[in-house]
Amino acid sequence: MTSGVPKGENCLVDMDSKAGDLFSAEPADAAGSGGVVGKLWLPKGLSASVAKEWFDRRRASIRPWAGFVDHRKFTKPRNFGELCQRVVRNFDTYNSNYTFIFLGLILYCIISSPMLLIALAVFVGAFYIIHLKSLESKLVVFGKEVTGPHQLGLAGAVSLPVFWLAGAGAAVFWVLGATMFVIGSHAAFRELEGGSEMEELFMEPV
């Protein structure tokens with residue numbers, strides 16, 4: 001007598017097809033690799049390969065740092081129109097350099113503040129614990145399942161008091177202020193590529 005219950009490999013296939021990772025943007029295929037390994041949730045379109053590609057593209061388009069900081073290329077703009085022209089053109093020319101300066105200021109701010117390091121560790125730890133719990137069973141808060149984006153928010157809520165004690169708000173304003181000062185000063189006083197001839201060309205009335 002045969003029953004409608006699948007047996008053997010068919011049963012495994014049916015169970016594996018229903019298995020999924022709550023933190024993945026797509027259904028997990030960890031069962032095929034011999035274990036239940038979930039992927040941490042990432043915003044749609046964001047992955048390690050995409051981040052690496054963006055970083056490599058930025059690094060490849062960096063202008064030489066020797067020319068970037070050459071003090072002989074820094075002069076005072078002759079008027080407000082030239083100042084605006086320099087800022088616009090230099091932002092376009094040194095976009096990748098400015099990006100890495102911004103990232104460097106963020107890194108410096110984090111490293112120089114032990115409390116910020118602790119707050120980040122608490123956030124990462126909370127998110128990792130939530131991730132592990134989600135692999136065991138679905139997380140439900142106030143009758144609603146906690147999905148990937150909400151899990152990041154939950155980890156942020158748990159670590160919020162630590163970020164507040166660490167002065168994260170002041171750190172953000174410091175990074176923004178330092179970035180605007182450093183990058184804005186460079187863009188305003190750095191001569192355009194091509195020297196004064198290029199500036200005169202852009203300043204000529206049409």
Side-chain angles (χ1 to χ4, degrees), residues 25 40-124 127 149 152-153 155-157 159-160 162-206:
L40 290 175
W41 179 88
L42 290 174
K44 186 177 181 180
L46 179 63
S47 64
S49 60
V50 172
K52 184 178 183 301
E53 181 182 352
W54 176 86
F55 184 84
D56 292 339
R57 187 167 60 249
R58 285 292 180 181
R59 187 174 58 179
S61 60
I62 288 180
R63 292 300 183 108
W65 289 104
F68 181 80
V69 297
D70 187 359
H71 67 279
R72 295 171 298 180
K73 297 293 185 179
F74 288 85
T75 58
K76 181 181 177 181
R78 289 171 292 186
N79 50 54
F80 182 73
E82 182 179 348
L83 171 66
C84 295
Q85 188 65 56
R86 283 187 180 185
V87 170
V88 173
R89 296 288 299 178
N90 282 330
F91 264 105
D92 183 60
T93 303
Y94 298 106
N95 186 274
S96 294
N97 298 71
Y98 293 154
T99 299
F100 279 94
I101 289 176
F102 175 65
L103 295 177
L105 289 172
I106 293 177
L107 184 62
Y108 170 77
C109 184
I110 294 175
I111 294 177
S112 61
S113 176
M115 282 299 296
L116 272 180
L117 288 174
I118 294 174
L120 287 174
V122 171
F123 173 77
V124 174
F127 183 56
L152 281 176
S159 57
L160 181 62
V162 186
F163 276 106
W164 181 77
L165 291 174
V172 170
F173 281 107
W174 182 89
V175 170
L176 293 178
T179 300
M180 292 177 63
F181 175 78
V182 174
I183 295 179
S185 298
H186 182 276
F189 291 98
R190 177 62 163 82
E191 293 181 356
L192 299 179
E193 288 291 326
S196 57
E197 294 82 2
M198 183 65 68
E199 293 185 351
E200 292 176 359
L201 177 62
F202 282 109
M203 293 299 297
E204 285 183 358
V206 179

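- Applying the 6.0 Å contact sphere to CZ of R72 captures no more than 12 heavy atoms from other residues, nucleotides or ligands.
- Within 6.0 Å of atom CZ in F173, 12 or fewer heavy atoms from other residues, nucleotides or ligands are found, so the atom counts as exposed in its surroundings.
- Between F123 and L160 the shortest side-chain heavy-atom distance does not fall below 4.5 Å.
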- Would R89 and D92 count as a salt bridge (charged side-chain N to carboxylate O under 4.0 Å, His left out) if you check the C-alpha gap in whole Å, the side-chain angles of each, and the deciding distance to 0.1 Å? CA-CA 5 Å; R89 296 288 299 178; D92 183 60; 5.2 Å; no

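- The two residues A119 and A166 make their nearest non-hydrogen contact at CB-CB, 4.4 Å.
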Side-chain donor/acceptor pairs under 3.5 Å, residues 98-110, sequence neighbours excluded:
| from | atom 1 | to | atom 2 | distance (Å) |
| --- | --- | --- | --- | --- |
| Y98 | OH | H186 | ND1 | 2.7 |
| T99 | OG1 | N95 | O | 2.9 |

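- Heavy atoms only, all atoms of each residue included: L116 and A171 are closest at CD1-CB, 3.7 Å.
- The two atoms that bring S159 and V122 nearest to each other are CB-CG1, 3.8 Å, heavy atoms only.
- Taking all atoms of both residues into account, the shortest heavy-atom contact from N90 to A187 is ND2-O, 2.9 Å.
- For R58, the salt bridge (charged side-chain N to carboxylate O under 4.0 Å, His left out) test picks out no residue, with sequence neighbours left out.
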- Message: Quick one, R86 with T75, criterion side chain to side chain contact (heavy atoms under 4.5 Å, CB included). Give me CA distance, side-chain angles, the key distance, then yes/no.
- Response: CA-CA 11 Å; R86 283 187 180 185; T75 58; 2.7 Å; yes

- Yes or no on side chain to side chain contact (heavy atoms under 4.5 Å, CB included) for N79 and E82, after CA distance, side-chain angles and deciding distance? CA-CA 5 Å; N79 50 54; E82 182 179 348; 3.4 Å; yes

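- Rounding to the nearest 0.5 angstrom, the gap separating the CH2 atom in W174 from the OG atom in S113 is 11.0 Å.
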- side chain to side chain contact (heavy atoms under 4.5 Å, CB included) between F68 and R63: does it pass, once the steps are laid out? CA-CA 7 Å; F68 181 80; R63 292 300 183 108; 5.6 Å; no

